[in-house]
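Along the sequence shown, residues are numbered consecutively beginning with 1.
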Amino acid sequence: MEEKKTTLWQEIKICRVDETNYPSDLKKIKDRPEVLYYRGNIDILNEHKSIAVVGSRKISAVGAKLAYNAGSIIGKNGFNLVNGLALGCDAEALKGALAAGGKCAVVLPCGINEIYPKSNQWIAEEVLKQGGCLISEYPEGTRPEKYRFVQRDRLQSGMSQGVLVVEAMEKSGTMHTAEYAKKQNRRLACYYHGLLKYSTGNNVLENLYQAAVIKTNEDLENYLCEIADIEEYTQLSFDFV
């Protein structure tokens with residue numbers, strides 16, 4: 001008997017910037033993509049608020065637990081969890097959200113016909129099975145070149161209302177996402193650097209970026225309440241003659 005194809009190989013769809021299912025907050029950034037390629041349910045990004053949970057690939061045992069716990073709390077509270085499926089913080093946060101029954105959006109640095117890294121393909125499968133989506137600004141066949149990871153970072157923050165950094169060194173790629181978050185006026189938060197081993201980036205975020213500092217689950221819940229209270233404003237344009 002022929003084996004049934006996995007969820008991952010469902011149809012690739014296209015969403016253009018002038019279509020109603022294009023993520024509304026992503027429309028507002030200056031360097032938005034004109035086209036998104038996706039699998040799954042992209043509508044979740046307009047139906048619920050989103051938090052990008054990011055961090056370094058190299059993480060401590062405490063960092064892994066905090067990422068998983070943050071993902072779980074975000075999923076239980078009905079927020080979408082957004083990140084790039086990277087090893088370390090990203091993967092642990094996705095696992096936590098999925099275990100809690102939450103929905104996730106994964107932004108890929110390559111064509112959506114492949115998963116990077118391949119070792120996290122099973123997580124991508126679960127994202128789709130639970131009603132989430134995989135998104136890329138690149139057409140099929142595009143390779144994950146180094147500069148595309150930085151380009152991907154602007155989308156993670158751009159389609160989210162808040163960005164939470166779990167654990168990051170000052171020179172890590174995670175700091176690009178934090179920089180985009182500030183430029184895009186997203187609510188930036190990070191776990192307190194004193195809790196973690198690889199946290200020079202967290203220290204910078206606390207002192208120079210004025211990020212909200214998360215030390216406890218209560219702090220995280222308060223941060224989520226702030227995101228939930230963000231009001232949506234429709235920008236009106238007028239034609240003058």
**Prompt:** After noting the C-alpha distance and the side-chain angles of Leu196 and Asn202, does the key distance pass the side-chain contact (heavy atoms from CB on, under 4.5 Å) rule?
**Reply:** CA-CA 9 Å; Leu196 299 153; Asn202 298 56; 3.7 Å; yes

**Main-chain N/O of Gly84 paired to Asp90 side chain as donor or acceptor, under 3.5 Å** = yes

**Request:** Could you tell me whether Lys65 atom NZ has more than 12 heavy atoms of other residues or ligands within 6.0 Å of it?
**Result:** no

**Prompt:** Is the shortest heavy-atom distance from the side chain of Lys197 to the side chain of Val62 under 4.5 Å?
**Reply:** no

**Fill in**
In short, Gly162 meets Ile227 closest at the heavy-atom pair CA-CD1, 3.8 Å

**Message:** Would you say that Glu206 contacts Tyr192 through its side chain, given a criterion of any heavy-atom pair below 4.5 Å between the two side chains?
**Reply:** yes

**Item:** Side chain Thr216, main chain Asp219, donor-acceptor under 3.5 Å
**Value:** yes

**Request:** Search all heavy atoms of Met169 against all heavy atoms of Thr200 and return the closest pair with its distance.
**Result:** CA-OG1, 3.4 Å

**Asked** Do Val213 and Tyr209 share a hydrophobic cluster (ILVMFWY, side-chain heavy atoms under 4.5 Å, transitive)?
**Response** no

**Asked** Under the 3.5 angstrom rule, does the side chain of Arg152 hit a backbone N or O of Val107 as a donor-acceptor pair?
**Response** yes

**Considering all heavy atoms, the nearest Cys89-Val54 contact** = CB-C, 4.1 Å

**Main-chain N/O of Ile115 paired to Gln121 side chain as donor or acceptor, under 3.5 Å** = no

**Heavy-atom side-chain contact between Ile12 and Arg39 under 4.5 Å** = yes

**Request:** Determine, step by step, whether Leu155 and Tyr180 satisfy the side-chain contact (heavy atoms from CB on, under 4.5 Å) criterion, reporting the C-alpha distance in whole Å, the side-chain angles of both residues, the deciding distance to 0.1 Å, and the verdict.
**Result:** CA-CA 9 Å; Leu155 303 187; Tyr180 283 123; over 6 Å; no

**Request:** Measure the spacing between CG of Leu208 and CG of Asn203 and express it to the nearest 0.5 Å.
**Result:** 8.5 Å

**Asked** Counting N and O atoms only, with roles assigned by atom type, does the side chain of Arg148 sit under 3.5 Å from a partner on the main chain of Cys110, one being a donor and the other an acceptor?
**Response** no

**Prompt:** Roughly how far, to the nearest 0.5 Å, is NZ of Lys182 from CZ of Arg187?
**Reply:** 10.5 Å

**Prompt:** Salt bridge check: are Lys95 and Glu92 linked by an N-O gap of less than 4.0 Å?
**Reply:** yes

**Request:** Find the distance between CD1 (Ile73) and CG (Leu220) and round it off to the nearest 0.5 Å.
**Result:** 5.0 Å

**Message:** Side chains of Leu66 and Ile214, heavy atoms from C-beta outward: is any pair under 4.5 Å?
**Reply:** no

**Asked** Any Lys/Arg nitrogen of Lys103 or Glu47 sitting under 4.0 Å from an Asp/Glu carboxylate oxygen of the other?
**Response** no

**Message:** Could you tell me if the side chain of Cys225 sits less than 4.5 Å from the side chain of Glu221, heavy atoms only?
**Reply:** no

**Message:** Evaluate Ile230 against Glu226 for side-chain contact (heavy atoms from CB on, under 4.5 Å), listing each step before the verdict.
**Reply:** CA-CA 7 Å; Ile230 294 175; Glu226 290 180 10; over 6 Å; no

**Fill in**
In this structure, CG of Leu134 is separated from CD1 of Ile123 (nearest 0.5 Å) by 11.5 Å

**Request:** Find out whether Val127 and Leu85 are in side-chain contact, i.e. whether some heavy atom of one side chain is under 4.5 Å from a heavy atom of the other.
**Result:** no

**Fill in**
Looking only at heavy atoms, the pair that brings Gly131 and Ile44 closest together is O-CG2, 3.6 Å

**Prompt:** Is it true that Leu94 and Leu164 fall in one hydrophobic cluster, defined by side-chain heavy atoms closer than 4.5 Å?
**Reply:** yes

**Message:** Rounded at 0.5 Å granularity, tell me how far NZ in Lys146 sits from CD in Gln151.
**Reply:** 14.0 Å

**Asked** What's the verdict on side-chain contact (heavy atoms from CB on, under 4.5 Å) for Phe79 and Leu81, showing C-alpha distance, side-chain angles and the deciding distance?
**Response** CA-CA 6 Å; Phe79 293 84; Leu81 189 142; over 6 Å; no

**Message:** Please check: side-chain N/O of Asn80 versus main-chain N/O of His48, any donor-acceptor pairing under 3.5 Å?
**Reply:** yes

**Asked** Same cluster or not: are Ile51 and Leu45 linked, directly or through other Ile, Leu, Val, Met, Phe, Trp or Tyr residues, by side-chain heavy atoms under 4.5 angstrom apart?
**Response** no

**Prompt:** At their closest point, which heavy atom of Ala91 faces which heavy atom of Asn120, and how far apart are they?
**Reply:** CB-ND2, 3.9 Å

**ILVMFWY network linking Val17 to Leu36, side-chain heavy atoms under 4.5 angstrom** = yes

**Message:** Under a 3.5 Å distance rule, please check whether Gln161 uses its side chain to pair with a backbone N or O of Ser50 as donor and acceptor.
**Reply:** yes

**Message:** Determine whether a donor-acceptor pair (N or O, by modelled atom type, separation under 3.5 Å) exists between the side chain of Glu167 and the backbone of Ser60.
**Reply:** yes

**Request:** Measure across Met175 and Glu170 and return the closest heavy-atom pair with its distance rounded to 0.1 Å.
**Result:** CG-O, 3.2 Å

**Prompt:** How long is the gap from NE2 on His176 to CZ on Arg154, to the nearest 0.5 Å?
**Reply:** 13.5 Å

**Request:** Could you tell me whether a side-chain N or O of Arg186 sits under 3.5 Å from a main-chain N or O of Val163, the two making a donor and an acceptor?
**Result:** no

**Message:** Does any part of the side chain of Ile42, heavy atoms only, come nearer than 4.5 Å to the side chain of Tyr22, both counted from C-beta?
**Reply:** no

**Message:** Hydrophobic clusters here meaning ILVMFWY residues chained together by side-chain heavy-atom distances under 4.5 Å, can you tell me if Val106 and Ile74 are in one?
**Reply:** yes

**Item:** Flag side-chain contact, heavy atom, 4.5 Å: Tyr38 against Asn21
**Value:** yes

**Message:** Using only atom types and a distance under 3.5 Å, with no angle test, would you say the side chain of Ser56 pairs donor to acceptor with the backbone of Lys58?
**Reply:** no

